[in-house]
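Quick caveat, the model's predicted, so the values are computed rather than measured.
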Amino acid sequence: MLSHKHEIFMEVARLLSFTKASQSLFISQSAISKQVKALEEYYKTGLFERLGNSVALTPAGKLLYEKLLVAKQLQNELYHEFKQLSENFSPQVNMVVGASTTISLYILPPVLSAYLQKNPNVQLTLKNRNSENILKALLDHELDLGIVEGISKVSNVTYTPFLTDDVIAVCSSRNPLKKMQLEVKDLYDIPLALRERGSGTLAVLEDALEKKKIRLSELPIKIRLGGTEALKNFVRVDTCLSFLPRQAVLKELESGELVEVPITDLHVRRSFNFIQRKGTENNFPYKDFIQFTKRHYS
């Protein structure tokens, strides 16, 4: 099992910042410095170069970090195999999950509560980012597991299907568009409010439009907003048409604040996938979490 000192070192090495590691681990910066200093005294060599407000790994620090990443994966594999041998084996485990906005805000909260009640020894951190940044964070070892949408697949990542959801056109209940039945060609004449680049929602919309021979860049985009909630709040008070995940606007559709605007020849559906670095598919607790979550929504 990795020592507390090594876990702290790995977080500083990942972030290349004592301050950010302090914030991430909820430990004082002085305590982190003390633990790193103890490791440097143990190995009889410096692990970080201090460069003003930032730090860099020394050759020894790089070597230690690379070996600890391997050791952490071996530890996870060992936990998984012990769990198969004995249901009573229940070590304290930290798991960092990254998910896109829709998943983080509207789908995961109830399943996380149920999962943690069943697995009290798992300490779980959920990070909300757009799909592109979730993939990057996974490859940079900032996350153990990700859930993304509408993103091109890469060779060193394993994808496991999770859910499907529709992206629908919506407008304010005060918008004249609410009474209209649109065709996709009408989008050339309607101001749009859309998500930012890197958003999975935007990616699947762009793909669906391209299949209709329409480029997103040709449409009258009035504004791009980072985040589903910001986009919903904007559309409530503006005359723009927007495209949002159905799961994200269920309450607003029910209350009448937003209205779905049908577009007869455009159907936008996206798939959510769990993503993992290849080689970690069977590791505890990732495999268990994926199975639990899929069962919850089956």
Side-chain angles (χ1 to χ4, degrees), residues 1-2 7 24-26 69 71-131 133-151 153-154 156-166 200-201 204 228 245-248 250-251 269-298:
M1 181 175 177
L2 295 180
E7 294 279 8
S24 172
L25 296 171
F26 302 101
L69 287 174
K72 191 172 182 66
Q73 181 162 329
L74 288 172
Q75 175 179 279
N76 288 333
E77 291 172 5
L78 178 64
Y79 283 173
H80 173 68
E81 291 174 17
F82 265 115
K83 189 76 173 176
Q84 290 180 319
L85 290 173
S86 171
E87 292 183 359
N88 295 324
F89 178 69
S90 166
Q92 181 71 43
V93 175
N94 294 317
M95 179 167 61
V96 184
V97 178
S100 54
T101 304
T102 302
I103 293 289
S104 293
L105 296 181
Y106 311 106
I107 294 174
L108 274 187
V111 76
L112 292 182
S113 175
Y115 178 79
L116 292 174
Q117 287 178 38
K118 185 179 177 183
N119 299 274
N121 287 335
V122 175
Q123 184 176 17
L124 196 149
T125 301
L126 175 63
K127 297 189 176 183
N128 175 13
R129 302 179 185 178
N130 68 35
S131 294
N133 288 330
I134 290 294
L135 177 61
K136 182 180 184 301
L138 181 81
L139 295 174
D140 289 343
H141 290 260
E142 294 179 31
L143 305 174
D144 299 311
L145 178 69
I147 308 175
V148 297
E149 52 182 296
I151 197 165
K153 295 188 176 182
V154 296
N156 53 343
V157 171
T158 298
Y159 294 76
T160 304
F162 176 30
L163 287 175
T164 58
D165 184 29
D166 289 331
T201 301
V204 293
T228 301
R246 185 180 296 280
Q247 289 285 342
L250 288 176
K251 290 182 180 179
R269 172 162 284 185
R270 69 215 179 131
S271 297
F272 294 105
N273 293 284
F274 291 99
I275 57 172
Q276 298 167 267
R277 293 181 296 277
K278 281 194 174 174
T280 68
E281 295 89 346
N282 292 318
N283 287 359
F284 174 81
Y286 319 144
K287 184 177 180 180
D288 182 62
F289 178 77
I290 290 174
Q291 291 175 341
F292 184 93
T293 305
K294 290 182 74 171
R295 283 197 303 270
H296 187 90
Y297 282 104
S298 64

Practice item. Rounded to the nearest 0.5 Å, what's the gap from NZ on Lys287 to CD on Glu281? Could you check? Key: 10.0 Å
Point to revise | Spatial distance of atom OG1 (Thr160) from atom CG (Asn273) [nearest 0.5 Å] | key: 7.5 Å
Counting only pairs under 3.5 Å, give me each side-chain donor-acceptor contact of residues 107-120, with atom names and distances, residues two or more places apart or in other chains.
from   : atom 1 : to     : atom 2 : distance (Å)
Ser113 : OG     : Gln117 : NE2    : 3.2
Asn119 : ND2    : Tyr115 : O      : 3.0

**Study point:** Heavy-atom pair of closest approach, residues Val97 and Phe289
**Key:** CG2-CE2, 4.5 Å
**Study point:** Residue pair Ile290 / Phe162, side-chain heavy-atom distance below 4.5 Å
**Key:** no
Practice item. Give a yes or no on whether Lys136 atom NZ has more than 12 heavy-atom contacts from other residues, nucleotides or ligands under 6.0 Å away. Key: no
Study note, to complete from the structure: Sorted by chain and number, sequence neighbours left out, side chain to side chain donor-acceptor pair (under 3.5 Å) with Gln291 holds for none
Check your understanding: Taking C-beta and beyond as the side chain, do Lys72 and Glu7 meet within less than 4.5 Å on heavy atoms?
Key -> yes
Point to revise | Closest heavy-atom pair and its distance - Pro245, Thr201 | key: CG-OG1, 3.7 Å
Revision key, fill the gap. Residues Gln123 and Asn94: closest non-hydrogen pair is OE1-OD1, 2.7 Å
Check your understanding: Roughly how far, to the nearest 0.5 Å, is CG of Asn133 from CG of Leu135?
Key -> 9.5 Å
**Study point:** Worked verdict on Thr158 versus Arg277 for side-chain hydrogen bond (donor to acceptor under 3.5 Å, both in side chains)
**Key:** CA-CA 6 Å; Thr158 298; Arg277 293 181 296 277; over 6 Å; no
Check your understanding: Looking only at heavy atoms, which two atoms of Val204 and Arg270 are closest? And how far apart?
Key -> CG1-CB, 3.6 Å
Point to revise | Derivation of the salt bridge (Lys or Arg N to Asp or Glu O under 4.0 Å) call for Asp165 and Arg246 | key: CA-CA 7 Å; Asp165 184 29; Arg246 185 180 296 280; 5.5 Å; no
Point to revise | Donor-acceptor contact present, side-chain Ser104 to main-chain Ala99, <3.5 Å | key: yes
Exercise for review: Specify the closest pair of heavy atoms between Tyr159 and Val154, including all atoms of both residues, with the distance to one decimal.
Suggested key: OH-N, 3.1 Å
Practice item. Let me see the working for Phe272 and Thr164 under side chain to side chain contact (heavy atoms under 4.5 Å, CB included), right down to the final yes or no. Key: CA-CA 6 Å; Phe272 294 105; Thr164 58; over 6 Å; no
Revision key, fill the gap. Value for OG1 (Thr280) from CD (Gln73), rounded to nearest 0.5 Å, stands at 6.5 Å
Check your understanding: When you look at Leu143 and Lys127, which way does the side chain to side chain contact (heavy atoms under 4.5 Å, CB included) test go after all the steps?
Key -> CA-CA 9 Å; Leu143 305 174; Lys127 297 189 176 183; 4.0 Å; yes
Revision key, fill the gap. Taken to the nearest 0.5 Å, the spacing of Thr293 OG1 from Phe274 CZ works out to 4.5 Å
Revision key, fill the gap. Between Ile275 and Ile147 the two heavy atoms that sit nearest each other are CG1-N, 4.5 Å
Exercise for review: Report the distance from atom CG of Asn130 to atom CD1 of Ile134, rounding to the nearest 0.5 Å.
Suggested key: 8.0 Å
